[in-house]
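Notes follow once the structure below has been shown.
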Protein chains: 2
Amino acid sequence: MHHAQMDALGDATRRAILERLLEGPIAVGELAREFPVSRPAISQHLRILKRAHLVTDRAIGTRRLYQVNPEGIEALRAHFDRLWSHALAAFKKAAEKPTTKEGR
Amino acid sequence: MHHAQMDALGDATRRAILERLLEGPIAVGELAREFPVSRPAISQHLRILKRAHLVTDRAIGTRRLYQVNPEGIEALRAHFDRLWSHALAAFKKAAEKPTTKEGR
DNA sequence: TCTTACGGTAAGCGATGTCTTACCAAATGC
DNA sequence: GCATTTGGTAAGACATCGCTTACCGTAAGA
């Protein structure tokens, strides 16, 4: 689930594509012209982002517009919200007894 | 900055290590016994997590305890908070005029 | 001091991932 | 109908990444 989402964000180019899509929907070819990689490479990245539910696409004639998927982003945000609260709790607990012997 | 953090989270094993550290500080060897990879592999993952400021470590005798770094997690949380608000704004704007010709 | 436990690092290998070029299908315009 | 535009996909080259084994330094215990 969010597993595929984190894998999708593991690549710098895909993160840049996602940032670009935040400015609005854009077609594949036009998107490719803004990046230093070929159009097929962009298509492959978009496929991964799509499978991770981070973007959606729709056909307009021969063109295909991609845009961010708010639901996917929301899932990530919620995930890191939980992660942060857990991290804070773990940190506070560790600060209480910093010389734990870890049960060895 | 958060660039290294996202790269660090791009690997499933590192994400699992981070989840484990949420339960409390733990030494490298003990951590390695809970995973199906060797101890050096764990050390390498921990180094990446450390450079991304997602974990901190401290020496206890010959052992070395690792724990989550709340500040690093907080940075991620803040990042996705902003990402989500931007995604929501982009989605609303796109919903207003869905048949944009994208200035071609 | 000698031995043991712990963990970081280097080197090499195998797998995974990203890029390219080439090819194809679908929709539009003439 | 045919040509053009757009973009998805396949195949292969290449780089990157994660893992292992081997080795080393350091700290505690006898």
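The analysis underlying the following values was restricted to heavy atoms, covering all of them including side chains, and did not include hydrogens, waters or symmetry mates. Naming: A, B, ... by sequence-line order, numbering from 1 per chain.
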Given atom [atom1] of [X] and atom [atom2] of [N], what is their separation to the nearest angstrom?
X	N	atom1	atom2	answer
A:Glu30	D:dG7	CD	P	9 Å
B:Leu9	D:dG18	CG	P	12 Å
A:Arg47	D:dG8	CZ	P	10 Å
B:Arg64	C:dC6	CZ	P	15 Å
A:Leu31	D:dG7	CG	P	10 Å
B:Ile26	C:dC6	CD1	C1'	14 Å
A:Leu65	D:dG8	CG	P	11 Å
B:Leu46	C:dT9	CG	P	11 Å

Next item on the list: Using only side-chain N and O atoms of A:His45, determine if any of them is under 4.0 Å from OP1 or OP2 of C:dC19.
Entry: yes
Notebook entry, point to check: Does A:Thr13 have a side-chain nitrogen or oxygen under 4.0 Å from the phosphate oxygens OP1 or OP2 of C:dC19?
Noted result: yes
Taking the side chain of [X] as its heavy atoms from C-beta onward, which of [options] lies nearest to it?
X	options	result
B:Thr62	D:dT20, C:dC6, C:dG7	C:dC6
B:Arg63	C:dC6, D:dA22, D:dC19	C:dC6
B:Val28	C:dG8, D:dT20, C:dC19	C:dG8
A:Ser43	D:dC19, D:dG8, C:dC6	D:dG8

Margin query: Pick the closest DNA chain C nucleotide for B:Gln44 and for A:Val37 by heavy atoms, then say which residue is nearer the 5' end.
Written below: B:Gln44
Next item on the list: Would you mind telling me which residue lines up with the more 5' stretch of DNA chain C, A:Arg39 or A:Arg14, judged by nearest nucleotide?
Entry: A:Arg14
Spell out, as yes or no, whether a donor-acceptor pair under 3.5 Å connects the side chain of [X] to the backbone of [Y].
X	Y	answer
B:Asn69	B:His53	yes
A:Gln67	A:Thr56	no
A:Arg64	A:Arg58	no

Margin query: Could you walk me through whether A:Arg15 and A:Asp11 satisfy the salt bridge (Lys or Arg N to Asp or Glu O under 4.0 Å) test, starting with their C-alpha distance in whole Å, then the side-chain angles of each, then the deciding distance to 0.1 Å, before giving a yes or no?
Written below: CA-CA 6 Å; A:Arg15 291 195 295 269; A:Asp11 178 73; over 6 Å; no
Check: What distance separates A:Leu9 CG from B:Asp7 CG, expressed to the nearest 0.5 Å?
Finding: 10.5 Å
Notebook entry, point to check: Base, sugar-phosphate, or nothing for B:Tyr66, non-hydrogen atoms under 4.0 angstrom?
Noted result: sugar-phosphate
Item checked: 5′-ward residue of the pair B:Ile48/B:Pro40 relative to DNA chain D -> B:Ile48
